[in-house]
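Below is one structure, written out as structure tokens; comments come after it.
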Protein chains: 2
Amino acid sequence: MVETARNTRQRRAVGAILDDLDGFASAQEIHDILVRRGDKVGLSTVYRNLQYLVDAAEVDSLRGDDGEVLYRRCSAGHHHHLVCRDCGRTVEVEGPAVEKWADRVAAEHGFSDVAHTLEVFGTCSECGA
Amino acid sequence: MVETARNTRQRRAVGAILDDLDGFASAQEIHDILVRRGDKVGLSTVYRNLQYLVDAAEVDSLRGDDGEVLYRRCSAGHHHHLVCRDCGRTVEVEGPAVEKWADRVAAEHGFSDVAHTLEVFGTCSECGA
DNA sequence: TCTTTGATGAGAATCATTCCCATGAAGGTC
DNA sequence: GACCTTCATGGGAATGATTCTCATCAAAGA
């Protein structure tokens with residue numbers, strides 16, 4: 001018998017929130033939304049399911065300024081984020097030049113097995129008004 | 001009378017550790033080194049002084065995978081880091097093209113007040129052997 | 001030496017996140 | 001549908017980094 005992830009009410013609820021969200025949100029925020037909405041889901045369960053989704057590459061996570069981890073459903077493939085630090089609104093962006101730069105710089109210094117993190121933060125046009 | 005930062009024993013001790021370190025270290029690690037060395041410095045004081053140094057741009061900080069904040073004395077000016085994920089050895093690198101790319105992308109999407117985080121991780125030549 | 005005032009430190013407080021474990025419910029099987 | 005196995009859940013405790021509090025200390029100037 002093959003092990004499959006169970007399709008629980010709670011897992012569906014977390015997924016539904018992520019579908020509705022435009023930008024990144026913390027586990028606590030997602031939990032708050034669920035509670036306000038009337039879905040009873042434990043905080044531990046929210047964390048667990050977010051982690052499942054991250055492992056399954058269905059959700060991207062990044063760390064905000066204050067160290068909180070933020071989550072967002074994202075498209076496949078390597079990309080970076082332009083995030084509004086006020087409202088969290090996010091634009092996925094690509095930077096082929098950056099990828100090449102990182103690889104080149106690493107190679108120049110003899111580093112192998114290279115990875116990089118790159119996020120751009122700013123204030124979006126709406127929040128800046 | 002002008003307000004100046006006082007040159008305390010504890011502040012000098014934290015600075016001395018940073019001078020000796022090659023790579024990034026956490027506040028707790030720095031505190032451990034001080035204690036082992038026999039310098040009696042409170043943990044709060046280590047945090048405070050590191051924060052002073054960061055504010056004074058004498059020290060760079062970044063967040064490791066586990067969310068811990070790491071500190072390292074760095075040269076002035078905007079730069080990024082190529083960090084060995086095994087031994088922590090760090091090379092400061094510059095990427096003017098990346099800066100421009102980030103600003104351009106942000107501007108294209110109407111974002112203002114732009115900042116970015118970029119760190120490159122890899123395995124250095126020594127650790128890769 | 002004396003005074004002023006920022007600096008220190010020990011522990012409490014905070015906050016996100018993870019752990020624990022008794023209970024619940026998917027999903028397969030008959 | 002009843003049953004069983006096993007993973008999922010949840011609520012509260014535990015963890016761990018960081019910050020806060022505040023009584024006490026010690027720079028640095030007068």
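Every chain is numbered from 1 and lettered A, B, ... according to where its sequence line falls, protein lines coming before strand lines.
Side-chain atoms of B:E126 and B:C87, non-hydrogen and from C-beta on, never get closer than 4.5 Å to each other. B:F121 is not listed as a side-chain neighbour of A:V114, based on a closest heavy-atom distance of 4.5 Å or more.
Of the N and O atoms on the side chains of B:E119 and B:H81, at least one donor lies less than 3.5 Å from an acceptor on the other residue.
Aromatic pair A:H116/A:H78: ring centres closer than 6.0 Å.
Dashed line: the shortest gap from a side-chain N or O of B:T45 to OP1 or OP2 of C:dG9 is under 4.0 Å.
Taking CD from B:E108 and CG from B:D103, the interatomic distance works out to 11.5 Å, rounded to the nearest 0.5 Å. Atom SG of A:C74 and atom CD of A:E58 lie 11.5 Å apart (nearest 0.5 Å). Within the model, atoms CZ of B:R11 and CG of B:L50 stand 11.0 Å from one another, a figure rounded to the nearest 0.5 Å.
Between B:D66 atom CG and C:dA16 atom P there is a gap of 18 Å when expressed in whole angstrom units. When the P atom of D:dA26 is taken as reference, atom NZ of B:K40 falls 12 Å away, rounded to whole Å. If you take CG of A:L34 and C1' of D:dG11, they are 16 Å apart, rounded to a whole angstrom. Distance B:D65 CG to C:dT17 P: 15 Å, rounded to the nearest Å.
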Check the pair A:V120 / B:W101 against side chain to side chain contact (heavy atoms under 4.5 Å, CB included), numbers first and verdict last.
-> CA-CA 10 Å; A:V120 185; B:W101 171 83; 4.2 Å; yes
Test log, rule side chain to side chain contact (heavy atoms under 4.5 Å, CB included), inputs A:Y47 and A:Q28 = CA-CA 9 Å; A:Y47 274 103; A:Q28 312 256 3; 3.2 Å; yes
Can you give one letter per nucleotide of nucleotides 15-22 of chain D, 5' to 3': B if a protein heavy atom sits under 4.0 Å from the base, S if only from the sugar-phosphate, - if neither?
-> --SBBB--
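If you check every strand for non-hydrogen atoms under 4.0 Å, B:N49 touches sugar and phosphate atoms only.
Hydrophobic clustering (ILVMFWY, side-chain heavy atoms < 4.5 Å, transitive): A:V93 and B:L118 are in one cluster.
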Distances for protein N/O vs nucleotides 23-27 of chain C N/O pairs under 3.5 angstrom?
residue	atom	partner	partner atom	Å
C:dG27	OP1	A:N7	N	3.0

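An angle of 30°, rounded to 10°, separates the two end axes of the helix from C:dT1-D:dA30 to C:dC30-D:dG1, each defined over five pairs.
Remark: A:R104 does not engage A:E99 in a salt bridge, criterion side-chain N to carboxylate O under 4.0 Å.
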